[in-house]
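Everything numeric here is computed off the predicted structure, so don't read it as measured data. Position 1 is the first residue of the sequence, and the numbers go up from there.
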Amino acid sequence: MFQREALEKLKQWAAKLKRKPLILRGARQVGKTTLVNEFSRQFDTYLYLNLENKRAKALFEEDFSMNELVSQIFLFCNKPRVQGKILLFIDEIQYSPSAVACLRYFYEDVPDIFVIAAGSLLETLISSQVSFPVGRVEYLAIRPCSFCEFLVAMGETELEKAVKQHSISKTIHSKVMHLFNTFTFTGGMPEIVAHFAENRDFVSLNEIYDTLLTSYRDDVEKYAKNDTMKHIIRYILKEGWGYALQRITLGNFANSSYKSREMGEAFRTLEKTMLLELVYPAISTLIPAPADLKRAPKLIWNDVGLVNYAANIQKEVFESKEILDAFRGKIAEQIVAQELLAYETRVSVQRAFWVREKKGSEAEVDFILQYDSKIIPIEVKSGHNAKLRSLHLYMDDVPHNIAVRVWSQPFSIDEITTPNGKKFKLFNLPFYYVGRVNEILDKNTK
């Protein structure tokens with residue numbers, strides 16, 4: 001089991017005294033069911049319901065008391081109702097608004113049962129059909145595998161420890177970067193990672209990628225409110241991968257004839273599946289640095305391996321000796337965006353970037369990150385420090401002296417002076433440290 005960090009979060013949830021039903025959020029095939037099945041080994045009784053099954057769904061349509069419902073669930077699962085720790089996992093809960101409504105009563109009336117639920121496009125169905133049990137459930141986001149989880153799957157457990165301890169030496173840097181380049185090609189979808197770890201065969205992954213993409217299309221189209229929206233969603237899932245980490249316009253997106261309003265609705269539907277995120281830029285360098293929804297957003301997909309396959313750039317990525325050279329640098333930004341979120345289990349957390357669209361002095365920083373009370377800029381670039389023009393302009397505007405550059409070289413810290421005389425520390429992070437950026441800043445600034 002290489003999704004160890006998500007498993008640890010489940011253990012922390014189970015240890016709470018006032019535990020609420022937990023809703024897992026994440027894209028289809030991101031490993032939610034596998035994760036819960038692994039977690040269930042810690043319980044005396046495991047009850048699994050998949051509400052795509054009409055008979056399982058019917059349990060929640062009857063007018064049962066909670067005690068009667070629980071008894072019926074035990075019977076349905078063919079499990080004796082005995083003393084001990086009981087885990088109930090309600091998968092594909094979006095198929096039954098009644099089951100969603102029941103979550104509050106598990107919390108209030110049957111607190112001794114550990115309840116986990118999962119489902120796609122949950123908000124869309126709930127908002128139109130049932131009142132959501134606000135305040136009576138918790139959430140946990142399940143993301144594609146991180147680089148550290150990839151290392152565990154590959155059997156590189158000592159390297160994983162060294163990455164987490166920020167102790168990768170210059171001697172083994174090239175080995176870790178080689179593994180990171182492999183991860184950038186395969187991506188972090190659990191089935192892909194498990195298959196590659198077992199077979200070490202890149203070509204055989206394509207059938208799995210294709211199956212994943214087909215399942216996404218089939219799943220999301222179910223929730224399109226009309227044929228036009230179905231066609232638009234299908235179009236995005238066919239053409240949109242090639243626009244990864246680009247700033248896009250919604251109207252006529254990808255040379256289509258679709259209008260901004262209908263394209264925006266389709267993108268919002270896909271965002272709810274956690275397949276992608278439209279990231280709007282911030283124009284402020286100070287907290288809270290709100291996103292400016294009037295400006296063009298960046299399109300970030302959930303997984304770099306899917307981008308490589310669906311955008312037909314696998315050969316280019318595979319043959320690139322330097323990640324920053326692949327796909328005009330957008331693959332490097334995609335994997336950094338992915339790693340920035342890979343260890344984050346809060347559903348509401350989003351990526352952000354910064355722009356200044358001032359005539360004669362335009363600037364854009366790839367990502368910004370809130371660190372303590374500071375908004376830290378992150379640039380994904382190689383080359384000489386003098387080429388970091390946007391970063392210099394950003395640092396001239398902020399009251400702090402910390403910036404981050406992600407590259408393929410070993411870790412270092414430079415003392416930089418902008419053309420306007422502002423001095424700051426530039427933390428040069430190799431790609432494999434991106435997920436540890438907060439810890440590294442803690443270690444070197446406090």
Does [X] reach the main-chain N or O of [Y] with its side chain, forming a donor-acceptor pair under 3.5 Å?
X	Y	answer
Q334	A244	no
R136	Y107	no
N401	K425	no
K170	P410	no
E149	S146	yes
R25	R346	no
Y209	T186	yes
N199	H195	yes
N308	V304	yes
N50	E52	yes

Exercise for review: Please work out which of the three classes, parallel, tilted or perpendicular, describes the rings of F114 and F43, given edges at 30° and 60°.
Suggested key: perpendicular

Point to revise | Mutual orientation of the aromatic rings belonging to Y235 and Y258 [parallel < 30°, tilted 30-60°, perpendicular > 60°] | key: perpendicular

Is it the case that more than 12 heavy atoms not belonging to [X] sit under 6.0 Å from its [atom1] atom?
X	atom1	value
N312	CG	no
K85	NZ	yes
K225	NZ	no

Practice item. Report the distance from atom CD1 of I300 to atom CG of L278, rounding to the nearest 0.5 Å. Key: 9.0 Å

Review point. Rounded to the nearest 0.5 Å, how far does CD1 of I233 lie from OH of Y216?
Key: 15.0 Å

Do [X] and [Y] meet the criterion of a side-chain donor-acceptor pair at a distance under 3.5 Å?
X	Y	value
E316	Q314	no
N37	Y46	yes
E322	S408	yes
Y371	D442	yes
D91	Y48	yes

Practice item. Any chance you could lay out the side-chain hydrogen bond (donor to acceptor under 3.5 Å, both in side chains) test for T285 and D397, step after step, and finish with the verdict? Key: CA-CA 7 Å; T285 57; D397 278 353; 5.3 Å; no

Exercise for review: Looking only at non-hydrogen atoms, find the nearest pair between A56 and L49 and report the distance.
Suggested key: CB-CD2, 4.4 Å

Practice item. Compute the ring centroids of Y432 and H173, then answer whether they are less than 6.0 Å apart. Key: yes

Quick one: does [X]'s side chain get under 4.5 Å of [Y]'s, heavy atoms only?
X	Y	result
V36	K32	no
L369	V404	no
R356	L393	yes
R200	M154	yes
I23	L103	yes

Check your understanding: Does K298 make a cation-pi contact with F367 (under 6.0 Å, within 45 degrees of the axis)?
Key -> yes

Exercise for review: Taking the six-membered ring of Y343 (Phe, Tyr or Trp), confirm whether the NZ or CZ of R436 is under 6.0 Å from its centre and within 45° of its axis.
Suggested key: yes

For [Y], is there an ion pair with [X] - N to carboxylate O distance below 4.0 angstrom?
X	Y	answer
R268	E265	no
E439	K443	no
R389	E379	no

Check your understanding: Yes or no on salt bridge (Lys or Arg N to Asp or Glu O under 4.0 Å) for E339 and R143, after CA distance, side-chain angles and deciding distance?
Key -> CA-CA 10 Å; E339 281 289 282; R143 318 281 184 186; over 6 Å; no

Exercise for review: May I have the step-by-step check of ring pair (Phe, Tyr, Trp, His ring centres under 6.0 Å) for Y243 and F253, ending in yes or no?
Suggested key: CA-CA 10 Å; Y243 291 80; F253 171 70; 5.0 Å; yes

**Study point:** Candidate pair Y433 and H166, rule side chain to side chain contact (heavy atoms under 4.5 Å, CB included), full reasoning
**Key:** CA-CA 7 Å; Y433 278 164; H166 330 132; 4.1 Å; yes

Review point. When F318 is tested against each of Y309, F202, F327 for ring pair (Phe, Tyr, Trp, His ring centres under 6.0 Å), which residue passes?
Key: F202

Check your understanding: Checking side chain to side chain contact (heavy atoms under 4.5 Å, CB included) for the pair L426/L391: CA distance, chi angles, key distance, verdict?
Key -> CA-CA 10 Å; L426 179 63; L391 194 67; 3.7 Å; yes

